[in-house]
There are 2 protein chains.
Amino acid sequence: MAADLNERGRLILEAIIEDYIDSAEPIGSRSVTRRHQMGLSPATVRNVMADLEEMGYLVSPHTSAGRIPTGKGYRFYIDSLLQIRQLTLQEKMKLEQQYRFKGLRIEELLQEAGKALSAISSYTGIVMAPRLATTVFRHIEFIRLSQGKILVVFVSQSGLVQNKIIELEEPIGQEELERITNYLNHTLTGKTIQEIKEMILDEMAQEKALYNQMLKRALMLSGEALKDELGGQVFIEGASNIMEQPEFYDLEKMKRLFRTFEQKSLLVDLLDKSQKAEGVQIFIGSATEYTEIEGCSLITSTYSNRQGTIGTLGVIGPNRMPYSMVIPIVDYTAKLVSQILAIESD
Amino acid sequence: MAADLNERGRLILEAIIEDYIDSAEPIGSRSVTRRHQMGLSPATVRNVMADLEEMGYLVSPHTSAGRIPTGKGYRFYIDSLLQIRQLTLQEKMKLEQQYRFKGLRIEELLQEAGKALSAISSYTGIVMAPRLATTVFRHIEFIRLSQGKILVVFVSQSGLVQNKIIELEEPIGQEELERITNYLNHTLTGKTIQEIKEMILDEMAQEKALYNQMLKRALMLSGEALKDELGGQVFIEGASNIMEQPEFYDLEKMKRLFRTFEQKSLLVDLLDKSQKAEGVQIFIGSATEYTEIEGCSLITSTYSNRQGTIGTLGVIGPNRMPYSMVIPIVDYTAKLVSQILAIESD
DNA sequence: CGTTAGCACTCAGCGGTTTCGAGTGCTAAC
DNA sequence: GTTAGCACTCGAAACCGCTGAGTGCTAACG
């Protein structure tokens, strides 16, 4: 793909995209030569631009306007042209300050991270909390709410608290519940949820469960408690920031975007995908791919604790984003969060 | 206030407000006579309208347009003119269906309520979760995260789970923590948080705490755990619904509103106020009062459990709302939620 | 042969003018 | 007290022509 683009073509494409990123207006051949003196006449640039359009990197909104980058254009820019800036010490400090409160719960920490992302990028911050399945067991508590209704509170090694209500067919006594609680807390500590699920299936299959009433109940309860995936909670912070962007003066686009924010399912999908890869990922919502967020890009990175990657965070904004700036912000935030999580789970 | 308004004036005011509610356009004298044949000529209506404007119930956006209601106009309409519709069986069922899932945690229940409100009113649903201080103690659990860092999980009678991290100066052993947990769970069950806070202060003042190390620690821990008010969590659902309303085609207004949604503090204030009163409350955001939500109204009602009022929920939409429709929706939703909470805390 | 100057053409956006119509207030007659 | 009539106001929409940024094409240039 890059082969059919010579040095000059790249230079001009880069110039156009960068100019467009900070003007939000279609870029014409003259303004390219004016702002970046590259010893070429507008006419020459024009020819190159026509080629770039042919190749799909640019489009013109109408005949007598300049050109703007396509999704493919941004993609190429990001993959091959972009020079990523280092954050200044000041910026780093600003990001760090956000977390200097003591005793943040993990949800609060993540929410703060979202706010920091949105405040510093001036786009929208987005953070996906760890899924239950990726966490390590620390503590479980069963609290009887009523006949046959039990509140389970589950705490992971990293301090993530999740709770859920389970319903029983046959009632269960207070003492038995306590015995089960103790049993589970002793047996399961330190195991991952994945391991525990497998263990439960194993034990269930074995004979001894048939004869040990308590064990049977314990397996049943813990199985029930861990059954439905609770995770994938998404925090979106600073959505209104995005309303400042000129591309969203179009009400229809904005409505669609906000609906997507509310629904969250598309975002969860994207964040899940990005979680599978290492490092900073960039999705570009074009008219063909991810139409719901057409015109938007999503820059994400993963954060982790001692056990490995547990979640994803990032920034969502218009395609026309200062990537060289936002990418390191996302990257650094992810690292900060990971670092804090590592310390906290001492 | 009503005294200076005769029967005819009221009739015309009502007609104008209702027409405006479903057209969103300034209402002129002719259209009043056309739609509501009341045996009056436009000229007469014009005179009355001039009077209504004088009295502050109406304004005209400019000389040659019709008139629209002011905040005062809506206020009077709601207080004196409005006929509240009964919900149809169908509507009631639709509202009820939303909660027929089993085993909802209280947060989920409230969130569902918000969604129901927004879906059925087609405005924005808003729900404030119970504050810690209004709940009744059921269970507390301390989990050591690290040296000097303890996760407290607190469960209220109604199944509300809140957790927070507290930091200790001097480390505390696992056994002592367990003893404290048992002690607190035995002593505090059934008391309101308010009572507990007072109790702690009392005991602290008394001498015996000085000599009983465990008791001292227990008081300190529980005091710390209940210290900062965690509550006032607000769920906002269907914010994007409001973008459909013609009054928010004005981008600036919309931005302001969404910022208010994000900040939440104003909403918490309003909801708190409304929680002090009984029944359905209506706030009208006019240019003078509550400027941040200028042009918006907030319809709220309170929900309760066995112990009494614990929270507030409602709908936020443009002033120009079909109140006769939305009020019973809010009312019924609040009742449904209270009912479910009463059943759940059996 | 790539580059550039020149030129005719396109078209969105802007500002000004006009027209239209809904609505008003006032006055005089019923 | 009510109504018909009338002159007036003013926003919205339609229309118009201009401007200027931008284009593609062609022919000349080094």
Side-chain angles (χ1 to χ4, degrees), chain A residues 4-13 15-20 22-70 73 246-247 249-250, chain B residues 4-13 15-20 22-70 73 246-247 249-250:
Chain A
D4 53 2
L5 206 53
N6 56 20
E7 188 54 28
R8 196 174 63 186
R10 292 174 178 218
L11 224 65
I12 290 177
L13 181 56
I16 291 172
I17 293 184
E18 279 170 7
D19 284 2
Y20 183 67
D22 60 50
S23 77
E25 254 146 48
I27 306 299
S29 54
R30 269 208 73 198
S31 64
V32 172
T33 58
R34 221 182 308 125
R35 270 206 266 190
H36 315 253
Q37 53 274 57
M38 40 180 71
L40 291 175
S41 75
T44 311
V45 174
R46 232 160 22 234
N47 288 328
V48 178
M49 282 168 80
D51 295 346
L52 289 170
E53 179 159 11
E54 182 105 6
M55 290 186 263
Y57 296 118
L58 298 175
V59 274
S60 34
H62 59 263
T63 350
S64 74
R67 287 176 169 95
I68 62 177
T70 60
E247 29 266 278
Y249 287 2
D250 176 2
Chain B
D4 53 2
L5 206 55
N6 58 20
E7 188 56 25
R8 197 174 61 183
R10 293 173 178 222
L11 224 65
I12 290 177
L13 181 57
I16 292 172
I17 293 182
E18 278 170 6
D19 284 3
Y20 183 67
D22 60 50
S23 77
E25 255 146 47
I27 306 298
S29 53
R30 270 207 72 197
S31 65
V32 172
T33 58
R34 220 180 308 124
R35 271 206 266 188
H36 315 252
Q37 51 275 57
M38 39 180 72
L40 291 175
S41 76
T44 312
V45 172
R46 238 173 358 247
N47 289 328
V48 178
M49 281 169 81
D51 297 346
L52 289 170
E53 179 159 10
E54 184 105 8
M55 289 186 265
Y57 296 118
L58 299 175
V59 274
S60 32
H62 58 264
T63 349
S64 73
R67 285 173 170 97
I68 62 176
T70 61
E247 28 268 276
Y249 286 1
D250 175 5

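Numbered from 1 within each chain, the chains take letters A, B, ... in sequence-line order.
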Please report the C-alpha distance between His36(A) and Asp19(A) in whole Å, then the side-chain angles of each, then the deciding distance to 0.1 Å, and finally whether the side-chain contact (heavy atoms from CB on, under 4.5 Å) criterion is met.
CA-CA 10 Å; His36(A) 315 253; Asp19(A) 284 2; 3.0 Å; yes

Decide yes or no on side-chain contact (heavy atoms from CB on, under 4.5 Å) for Val48(B) and Arg8(B), but give the supporting numbers first.
CA-CA 8 Å; Val48(B) 178; Arg8(B) 197 174 61 183; 3.8 Å; yes

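Annotation: side chain of Ser60(B) is not in contact with side chain of Pro26(B) (no heavy-atom distance under 4.5 Å).
If you take CG of Asp19(A) and C1' of dA21(D), they are 15 Å apart, rounded to a whole angstrom. Arg8(A) places its CZ atom 12 Å from the C1' atom of dC1(C), with the value rounded to the nearest Å. Between the P atom of dG30(D) and the CG atom of Leu40(A) lies a distance of 17 Å, rounded to the nearest Å. For the pair Glu25(A) CD and dG20(D) P, the computed distance is 17 Å after rounding to whole Å.
Screening Asp51(B), Ile27(B), Ile16(B), Ile68(B) against Leu58(B) for a side chain to side chain contact (heavy atoms under 4.5 Å, CB included) leaves a single residue, Ile16(B).
Nucleotide dC26(C) has dG5(D) as its partner under the Watson-Crick or G-U criteria, with both atom distances under 3.5 Å.
For Thr70(B) (side chain) and Gly56(B) (main-chain N/O), a donor-acceptor pair under 3.5 Å exists by modelled atom type.
With values rounded to the nearest 0.5 angstrom, Tyr57(B) atom OH is found 7.5 Å from Leu13(B) atom CG.
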Sequence-aligned protein contact record of nucleotides 12-30 of chain C, with B where the base is within under 4.0 Å of a protein heavy atom and S where only the sugar-phosphate is
S---------BSBBB----

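Between Ser41(B) and dT3(D) there is a side-chain N or O to OP1 or OP2 distance below 4.0 Å.
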